[in-house]
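Chain A is the first sequence line, chain B the second, and so forth, proteins listed ahead of strands; every chain is numbered from 1. Only heavy atoms go into these numbers, but all of them, side chains included; no hydrogens, no water, no symmetry mates. None of these values were measured; they are calculated from a predicted model.
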There are 2 protein chains.
Amino acid sequence: MSDRLPPRAERRRRTEERILGAARALFAELGFERTTIRAVARAAEVDPALVMQYFGSKQELFRLAARVAPPPAAGLDADELVGHLLGTLDTKIGALSQGSLAMMRSMLTHPEAAAAAREVLGRQIDSLAASIPGDDARLRAALMTVVMLGVTVGHQLLELEELRTAPQEEIARLLRPSLRALTGQEVS
Amino acid sequence: MSDRLPPRAERRRRTEERILGAARALFAELGFERTTIRAVARAAEVDPALVMQYFGSKQELFRLAARVAPPPAAGLDADELVGHLLGTLDTKIGALSQGSLAMMRSMLTHPEAAAAAREVLGRQIDSLAASIPGDDARLRAALMTVVMLGVTVGHQLLELEELRTAPQEEIARLLRPSLRALTGQEVS
DNA sequence: GTCTATAAAGAGATAGAC
DNA sequence: GTCTATCTCTTTATAGAC
């Protein structure tokens with residue numbers, strides 16, 4: 001145990017992180033089924049057996065790679081709400097986190113990804129519903145959530161030409177009144 | 001060649017149709033990768049080799065099973081447009097055609113399904129854009145399309161609780177102003 | 001025409017050498 | 001600790017018996 005950076009643990013941590021990064025990228029691009037342990041290992045420049053050694057199974061590797069950050073806190077009014085949702089359209093550089101993309105890519109075909117998606121979307125619905133008045137707040141919140149889901153799927157995963165080439169602000173500008181309508185507020 | 005229903009051709013046609021039906025159901029539920037020729041054959045009560053004999057490959061079977069009806073013609077005003085879109089929310093009985101569901105289930109993970117989805121959505125965008133005025137008609141049409149996509153994915157494929165339990169008319173009622181806003185019309 | 005048997009390929013996972 | 005080699009399983013697809 002030298003008291004410089006301990007090469008053992010530190011190197012291991014970095015290798016794990018490199019593998020996870022490669023896994024995120026491949027899962028996000030290809031989905032669970034078409035991504036192989038071998039391909040992840042190749043991309044991370046390690047031996048396939050090492051991936052298994054570190055993560056135990058492909059399933060577990062996916063579980064860690066597709067982990068998604070919890071949505072930011074709630075307690076906003078309707079205007080702030082819409083602004084925040086539109087802000088998540090960070091088409092800009094890194095787009096969505098690779099982890100979220102990995103989860104979304106497989107959410108229609110992989111049971112565990114589907115469960116994760118339902119949970120994340122459910123939390124977003126809870127969060128939005130808390131800021132919307134009325135009996136139908138939950139349904140409105142669910143619709144706002146799937147509207148954003150549709151835009152994200154169309155843009156990031158299907159890469160529809162019309163959305164890919166439009167500036168983010170333009171999309172946000174057109175979407176804002178549409179989301180506002182779902183909050184049940186009158187047009188201000 | 002008797003001149004009653006020729007048993008040969010007719011029986012073959014029916015068997016093909018039974019296989020296609022089973023394939024649609026399984027592809028719609030599980031997606032391309034997790035659906036096996038064996039499972040399709042079992043569901044259709046035929047021999048796996050027969051499926052291959054009739055359709056040549058799993059790819060070709062999917063191509064036929066995931067064929068989707070072309071969208072109905074255009075030429076409507078904005079109001080009719082929104083009404084028509086909301087009408088396609090046929091949550092009622094058969095939901096969407098099994099073929100469309102099969103295509104959508106795999107659109108994020110199967111290259112051919114993705115291409116088919118882009119084509120179908122592209123045609124819908126064309127159709128909608130023709131009825132919307134303004135320079136940004138195509139972007140507006142694309143947003144309307146992905147909004148409906150998000151609702152359908154959330155409802156039919158992810159089966160989000162809030163959408164599953166809501167009556168179709170309620171969803172349509174809340175969604176209408178939101179879609180209207182995307183057409184660029186003033187609220188009437 | 002229909003099915004049995006099998007070929008061929010690719011995957012995840014594991015045991016043991018170094 | 002890392003990798004070589006392999007095991008085992010499952011799949012699509014095919015060839016040939018009946």
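In the model, B/Ser106 has no side-chain atom that pairs as donor or acceptor with a side-chain atom of B/Thr109 under 3.5 Å.
Contacts between residues 19-27 of chain A and DNA chain C, defined by a heavy-atom separation under 4.0 Å, are absent. Annotation: proximity of residues 48-60 of chain B to DNA chain C (heavy atom, distance under 4.0 Å) is found for B/Ala49, B/Leu50, B/Tyr54, numbered in ascending order.
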Tell me, with the steps shown, if A/Thr152 and A/His155 meet side-chain contact (heavy atoms from CB on, under 4.5 Å).
CA-CA 5 Å; A/Thr152 307; A/His155 190 171; 5.9 Å; no
Under the criterion side-chain contact (heavy atoms from CB on, under 4.5 Å), I'd like the reasoning laid out for A/Ile125 against A/Met144: C-alpha separation, chi angles, the key distance, then a yes or no.
CA-CA 8 Å; A/Ile125 292 171; A/Met144 293 178 74; over 6 Å; no
Would you check, one step at a time, whether the test side-chain contact (heavy atoms from CB on, under 4.5 Å) holds for A/Val153 with B/Val153?
CA-CA 10 Å; A/Val153 165; B/Val153 165; 5.8 Å; no
Between A/Arg13 and A/Glu17, is the salt bridge (Lys or Arg N to Asp or Glu O under 4.0 Å) condition met? List the steps.
CA-CA 6 Å; A/Arg13 205 192 58 76; A/Glu17 199 48 55; 5.0 Å; no
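For A/Ala41 against A/Asp47, the heavy-atom pair with the smallest separation is CB-C, 3.9 Å.
To the nearest angstrom, P of D/dA13 lies 6 Å from CD1 of B/Ile37. Atom CZ of A/Arg13 is separated from atom C1' of D/dG1 by 18 Å (rounded to the nearest Å). Taking atom CZ on B/Arg42 and atom P on D/dT11, their separation rounds to 9 Å, with Å as the unit. Whole-Å rounding puts the A/Phe62 CZ to C/dG12 C1' distance at 16 Å. Distance CG (A/Asp47) to P (C/dT14): 15 Å, rounded to an integer number of Å.
Note on B/Thr35: only backbone sugar-phosphate atoms sit closer than 4.0 angstrom, heavy atoms only; bases stay farther off.
A donor and an acceptor atom never sit less than 3.5 Å apart when one is taken from the side chain of B/Arg12 and the other from the base of C/dG1.
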Only distances under 3.5 Å count here; give the side-chain donor-acceptor pairs of residues 172-179 of chain B to other protein atoms, sequence neighbours excluded, each with its distance to 0.1 Å.
from	atom 1	to	atom 2	distance (Å)
B/Arg173	NE	B/Glu170	OE1	3.4
B/Arg173	NH2	A/Asp136	OD2	3.3
B/Arg173	NH2	B/Glu170	OE2	2.9
B/Ser178	OG	A/Ser178	O	2.8
B/Ser178	OG	A/Ser178	OG	2.7

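Ring pair A/His110/A/Phe32 is parallel by interplanar angle, where below 30° counts as parallel and above 60° as perpendicular.
Distance from the side chain of B/Thr36 is smallest to D/dT11 among C/dT4, D/dT11, C/dA11.
For the side-chain contact (heavy atoms from CB on, under 4.5 Å) criterion with A/Ser131, the lone passing option out of A/Leu81, A/Asp79, A/Asp77, A/Thr183 is A/Leu81.
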